[in-house]
Amino acid sequence: QVQLVESGGGSVQPGGSLTLSCAASGFAFSSHCLGWFRQGPGEERKGVGSIDTKDKTNYPDLAKGRFTVSRDNANNILFLQMNGLNADDAGMYYCAADSSAVGCALLMGWVNYEYKYWGQGTQVTVSS
């Protein structure tokens with residue numbers, strides 16, 4: 001079956017770092033555009049970074065040059081490296097994948113959309 005499983009979440013102090021992973025199975029990972037989204041308390045889901053099938057990455061301003069998205073096609077894993085975390089970065093982090101032209105375009109624009117595949121999320125908290 002198709003699965004996207006996020007891991008690596010936890011609690012960090014302000015200024016700390018975390019690396020999240022999204023392990024994929026059951027579909028052609030290398031042919032899909034991929035993205036990371038965050039949903040904080042009382043917030044809509046927001047894109048924090050994305051990567052296409054040619055390894056081009058896009059980041060919204062809220063990432064502030066602190067986040068890095070990468071992919072390991074040999075092992076079907078999507079990564080999100082987060083540095084300099086602050087309280088605004090807290091929330092549930094989800095990965096998403098889509099192979100359609102529309103889905104890829106929306107992922108690269110960090111749009112919250114009904115993508116082909118979504119993971120269940122991993123929680124990130126930031127506190128002193």
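Computed from a predicted structure; not experimentally measured.
Annotation for Trp118: hydrophobic cluster partners, listed by chain and number, are Phe37, Met92, Tyr94, Val102, Leu106, Leu107, Val111, Tyr113, Tyr115 (ILVMFWY side-chain heavy atoms under 4.5 Å, direct or chained).
Between the side chain of Gln13 and the backbone N or O of Val126, no donor-acceptor pair lies under 3.5 Å. Judged by distance alone, with hydrogens and angles left aside, the side-chain atoms of Glu6 form a donor-acceptor pair with the main-chain N or O of Cys95 at under 3.5 Å. Between the side chain of Asn58 and the backbone N or O of Met108, at least one donor-acceptor pair lies under 3.5 Å.
At least one side-chain heavy atom of Thr122 sits under 4.5 Å from a side-chain heavy atom of Leu20. Under the 4.5 Å side-chain criterion, counting only non-hydrogen atoms from C-beta, Val12 is not in contact with Thr125. In this structure the side chain of Ser17 never reaches within 4.5 angstrom of the side chain of Met82, judged on heavy atoms. Side-chain atoms of Thr68 and Leu80, non-hydrogen and from C-beta on, never get closer than 4.5 Å to each other. Using a 4.5 Å cut-off on side-chain heavy atoms (C-beta onward), Gln81 and Ser70 make no contact. Considering only heavy atoms from C-beta on, Leu62 comes within 4.5 Å of Arg38 through its side chain. In this structure the side chain of Val124 reaches within 4.5 angstrom of the side chain of Leu18, judged on heavy atoms. In this structure, the side chains of Ser50 and Trp110 come closer than 4.5 Å at one or more pairs of heavy atoms.
To the nearest 0.5 Å, atom CZ of residue Phe29 and atom OG1 of residue Thr53 are 11.5 Å apart. Between the CG atom of Asp52 and the CG atom of Asp98 there is a distance of 13.0 Å, given to the nearest 0.5 Å. Residue Asp88 holds its CG atom at 5.0 Å from CG of Asn86, rounded to the nearest 0.5 Å.
When all heavy atoms of Ser99 and Ser31 are compared, the pair lying nearest together is CB-O, 3.7 Å. Taking all atoms of both residues into account, the shortest heavy-atom contact from Ser127 to Ser11 is OG-OG, 4.0 Å.
Counted by atom type alone, Arg66 and Asn83 present zero donor-acceptor pairs between their side chains at under 3.5 Å.
Listed by first and then second residue, the disulfide bond (SG atoms under 2.5 Å apart) pairs involving residues 98-128 are Cys33-Cys104 (not counting sequence neighbours).
Residue Gln120 places its CD atom among 12 or fewer non-hydrogen atoms of other residues, nucleotides or ligands, all under 6.0 Å distant.
Remark: aromatic rings of Phe67 and Tyr59 are distant, center separation not under 6.0 Å.
The aromatic rings of His32 and Tyr117 sit tilted, their planes meeting at an angle between 30° and 60°.
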Practice item. Evaluate the criterion side-chain contact (heavy atoms from CB on, under 4.5 Å) for residue pair Trp36 and Ile51; output intermediate values, then yes/no. Key: CA-CA 9 Å; Trp36 285 98; Ile51 185 168; over 6 Å; no
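Annotation: side chain to side chain donor-acceptor pair (under 3.5 Å) contacts of Asn76 (sequence neighbours excluded): none.
In this structure, Arg71 forms no cation-pi arrangement with Phe79, as its terminal cationic atom is not both closer than 6.0 Å to the ring centre and no more than 45° off the ring axis.
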